[in-house]
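Here's the structure, in structure tokens; my notes come after.
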Amino acid sequence: MKKFISIMIALLMVTALTFPVAAAPNNVNHTITITNTDSSVKHTYEAYRVFEGNLDTNEEILTDINWSNGVDGAALLADLTANLTDFASCTSASDVANVLVDYIDDNNSTAIDTFAAVVGNHLATVAGTSTENASPYTIAVQGDGYYFIKDKNDSVTEEGEAYSKYMLNVVRDVTIEAKDEHLVPEKKIVENGNEVSTNVASIGDEITFKITIDVPKMDGYKAYTFTMNDTLSKGLTFNEIKSVTVASETLVENGANGYTVETEEKADGSTLLTVDFKNFIRYKRYSATDSKVVVTYTAILNDDAVIGLEGNPNTVDFKYSNNPSSTGEGDGGDTGITPDSETITYSTGLTLIKVDGSDRSKLLQGAKFKIEGDGLNTVITKGTRFEVAPYTPVVNADVKETVDADTYYLLADGTYTKTQPDSYTGDTYVLVRYTNYTRKATGVVYDGTTGTDGRITFNGMTEGTYTLTELEEPDGYNLLTEPIEFEITWDETNGFAVAVDDQSGVTYDGTTGTFRITVENNKGSVLPHTGGIGTTIFMFIGAFLVLGAAVILVSVIVTRKRERF
């Protein structure tokens with residue numbers, strides 16, 4: 001991608017004698033030095049001698065002017081006289097030079113730019129080329145003259161850069177300043193009044209994005225292409241443009257001098273958001289004021305959001321005009337692309353694993369939990385359940401009746417039953433994996449039931465305090481008597497973590513960027529299968545009563561015998 005650079009160089013004084021050339025041109029060596037205000041911009045410059053001649057002792061006036069081998073003089077003269085009115089009566093290089101003197105006297109930079117563009121179409125022999133990798137650049141040339149300086153074709157290839165505006169100068173040893181800039185957008189997430197590069201969000205949350213870029217330098221351009229290309233990953237859904245401003249002006253969508261918006265869904269599920277600025281050249285007056293272009297829009301973190309470390313990126317770049325000599329009326333000519341600027345939105349999840357308290361290797365199916373917390377908006381619950389479907393009994397070969405009123409469970413043999421599975425019969429039923437999307441607006445709690453793997457996963461969480469409550473226990477086990485409370489934290493430097501004082505047993509998995517907790521259930525008391533309290537106790541009571549009666553009887557007999565004697 002290429003950087004936009006607009007360079008304004010003042011043309012030094014040039015004049016011509018009114019007499020034919022009378023002296024041979026001076027062929028002394030000179031050095032043209034080109035400095036750039038942004039040393040990170042890389043160029044390869046070429047110099048072409050348009051006029052050859054001699055500088056006077058004051059080195060201000062070029063005399064003995066003639067066409068040089070840097071241009072096709074005849075073709076250049078023909079083009080000038082045919083297409084630019086000011087040169088219509090010119091018949092020689094001296095005549096052309098005299099018109100340029102008038103441009104300088106009138107401070108007519110637009111006319112000089114037009115002349116330079118015509119010269120650029122008739123270049124011939126290169127007088128010298130710069131070899132440096134960074135500013136300042138130097139070009140060694142031989143001979144006094146009027147030189148045309150440009151970027152070598154196809155030499156500007158870096159992101160955010162642009163070709164320099166054509167430069168013209170009378171050459172002795174001379175230094176020219178090329179005012180470069182590195183055109184780079186900055187994308188941020190606006191959150192609680194702060195602008196950040198990363199954030200966390202729950203699925204369903206609205207996120208505000210702000211893109212800022214300098215108003216590019218547009219000197220020398222007749223038209224200017226300027227388009228924002230923003231790519232939202234699959235987990236982000238474009239919502240709306242909130243505002244578009246250039247300097248102090250607020251632009252109107254679909255206005256003549258405003259912007260248009262288009263969205264395109266790509267094959268990978270991402271969305272390309274395009275904001276195309278119309279008639280952008282009208283903002284040329286802001287080029288030298290350090291003014292900004294600012295686009296603000298919102299998006300929603302959707303059900304396709306990536307959970308964990310990878311996050312959900314959002315990148316932006318700008319397409320812009322990058323060659324002032326190539327612009328035509330109505331379009332921006334050659335274009336480049338700025339570097340990307342990226343933000344990332346993260347979301348996390350919790351996996352709950354249910355195990356037997358006396359044998360943690362035993363995974364428990366059928367435990368139902370709900371999760372509540374201030375970091376929830378939409379939660380994706382994943383687990384397994386028994387397959388259910390409407391039953392279609394066959395009445396005869398030609399007639400089928402669909403029963404929708406009742407829920408039937410699918411059995412492993414392909415038949416259906418209305419009998420609910422339990423811990424003894426569950427193996428004969430068909431299990432399927434499910435994904436539920438629960439939104440806060442529905443008023444439904446976020447709940448799920450452990451499957452054969454003993455797991456439930458709650459995705460779409462962010463930082464906050466949460467409560468896990470067991471609603472139904474596995475068959476033969478006791479229900480948890482207290483809910484489980486835990487706290488998730490997040491910051492840009494360290495990412496997600498469990499709060500330092502959290503004692504819930506929740507842990508963070510740094511390889512996935514998600515959380516997990518293992519919850520134990522203990523078995524209840526074993527009671528008789530026949531119901532009641534059984535018959536054994538009554539047998540003991542009966543035996544005790546019989547024994548007691550025998551003791552009493554013996555005591556009575558002994559007492560009576562004593563009384564008799």
Side-chain angles (χ1 to χ4, degrees), residues 4 160 181-202 204-218 221 223-233 235-266 270-302 305 312-321 332 335 337-345 377 492:
F4 170 79
E181 64 173 349
H182 203 177
L183 193 66
V184 179
E186 180 182 63
K187 183 166 194 172
K188 294 292 184 180
I189 297 169
V190 180
E191 191 171 69
N192 300 322
N194 299 316
E195 296 183 8
V196 295
S197 297
T198 60
N199 77 324
V200 290
S202 173
D205 285 350
E206 182 179 86
I207 305 163
T208 299
F209 296 97
K210 179 181 178 181
I211 299 98
T212 304
I213 191 169
D214 291 334
V215 175
K217 305 295 188 288
M218 290 180 271
Y221 288 89
Y224 199 87
T225 295
F226 201 62
T227 303
M228 185 189 89
N229 299 302
D230 190 287
T231 301
L232 296 85
S233 59
L236 293 166
T237 300
F238 170 69
N239 188 28
E240 65 174 339
I241 297 288
K242 303 296 288 187
S243 66
V244 178
T245 61
V246 178
S248 59
E249 297 188 36
T250 299
L251 278 58
V252 177
E253 184 176 356
N254 297 321
N257 295 317
Y259 62 93
T260 59
V261 178
E262 292 184 3
T263 58
E264 177 186 357
E265 185 174 344
K266 299 295 186 178
S270 64
T271 299
L272 176 62
L273 167 66
T274 300
V275 177
D276 188 17
F277 293 79
K278 300 300 181 183
N279 193 24
F280 193 75
I281 194 69
R282 72 186 292 267
Y283 304 110
K284 183 177 181 178
R285 62 188 182 279
Y286 296 123
S287 292
T289 62
D290 295 325
S291 296
K292 307 292 183 181
V293 177
V294 181
V295 178
T296 304
Y297 77 89
T298 58
I300 306 296
L301 189 67
N302 63 42
N312 300 272
N314 188 344
T315 59
V316 69
D317 62 45
F318 280 78
K319 178 182 177 181
Y320 63 97
S321 295
T335 57
I337 301 294
T338 68
D340 291 340
S341 182
E342 181 182 72
T343 60
I344 303 178
T345 296
N377 189 327
E492 278 196 276

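Computed from a predicted model, the values in this text were never measured in an experiment. Reckoned from all heavy atoms, side chains included, excluding hydrogens, waters and symmetry mates.
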Report yes or no: does [X] contribute a side-chain atom to a donor-acceptor pair with the main-chain N or O of [Y] at less than 3.5 Å?
X      : Y      : answer
Ser321 : Thr225 : yes
Ser287 : Pro216 : yes
Ser233 : Pro313 : yes

With the side chain counted from C-beta on, respond yes when [X] and [Y] share a heavy-atom pair under 4.5 Å apart, and no when they do not.
X      : Y      : answer
Leu301 : Leu236 : yes
Thr298 : Ile207 : no
Leu183 : Ile213 : yes
Val244 : Tyr297 : no
Thr227 : Thr274 : yes

Worked check of side-chain hydrogen bond (donor to acceptor under 3.5 Å, both in side chains) between Lys188 and Ser197:
CA-CA 5 Å; Lys188 294 292 184 180; Ser197 297; 2.9 Å; yes

Hey, is NZ on Lys210 packed in by over 12 heavy atoms from elsewhere, all under 6.0 Å?
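No, because the 6.0 Å sphere around NZ of Lys210 holds 12 heavy atoms or fewer from other groups.
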
Derivation and outcome, side-chain contact (heavy atoms from CB on, under 4.5 Å), residues Phe238 and Leu272
CA-CA 9 Å; Phe238 170 69; Leu272 176 62; over 6 Å; no

Distance check, rounded to the nearest 0.5 Å: [X] atom [atom1] versus [Y] atom [atom2]?
X      : Y      : atom1 : atom2 : answer
Glu265 : Thr271 : CD    : OG1   : 5.5 Å
Asn257 : Arg282 : CG    : CZ    : 4.0 Å
Glu206 : Ile300 : CD    : CD1   : 4.5 Å
Ile241 : Leu273 : CD1   : CG    : 5.0 Å

Let me see the working for Met228 and Ile211 under side-chain contact (heavy atoms from CB on, under 4.5 Å), right down to the final yes or no.
CA-CA 9 Å; Met228 185 189 89; Ile211 299 98; 4.1 Å; yes

Under 3.5 Å, is there a donor-acceptor pair between the [X] and [Y] side chains?
X      : Y      : answer
Thr208 : Lys242 : no
Asn314 : Glu342 : no
Asn254 : Tyr259 : no
Asp340 : Thr315 : no

Could you go step by step and tell me if Glu492 and Thr198 meet the side-chain hydrogen bond (donor to acceptor under 3.5 Å, both in side chains) rule?
CA-CA 7 Å; Glu492 278 196 276; Thr198 60; 2.9 Å; yes

Check Ala299 against Leu232 and note the closest heavy-atom contact, atom names and distance.
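For Ala299 versus Leu232, the nearest heavy atoms are CB-CD2, 3.7 Å.
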
Taking all non-hydrogen atoms of both residues into account, name the closest pair between Ala201 and Thr345 and its distance.
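Shortest heavy-atom separation between Ala201 and Thr345 comes out as CB-CG2, 3.8 Å.
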
When you measure from the centre of the six-membered ring of Phe209, is the NZ or CZ of Lys187 closer than 6.0 Å and no more than 45° off the axis?
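Cation-pi check for Lys187 and Phe209: passes.
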
Audit row: Ile281, Met218, side-chain contact (heavy atoms from CB on, under 4.5 Å) steps and yes/no:
CA-CA 7 Å; Ile281 194 69; Met218 290 180 271; 4.0 Å; yes

Between Lys278 and Asp276, is the closest basic N to carboxylate O distance under 4.0 Å?
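Salt bridge present between Asp276 and Lys278.
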
Under a 4.0 Å threshold between the charged nitrogen and the carboxylate oxygen, would Glu249 count as salt-bridged to Arg285?
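A salt bridge links Arg285 with Glu249.
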
Using 30° and 60° as the class limits, which term best fits the ring planes of Phe280 and Phe226: parallel, tilted or perpendicular?
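Parallel.
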
Kindly determine whether Thr338 and Val184 satisfy side-chain contact (heavy atoms from CB on, under 4.5 Å), including the steps that lead there.
CA-CA 6 Å; Thr338 68; Val184 179; 5.8 Å; no

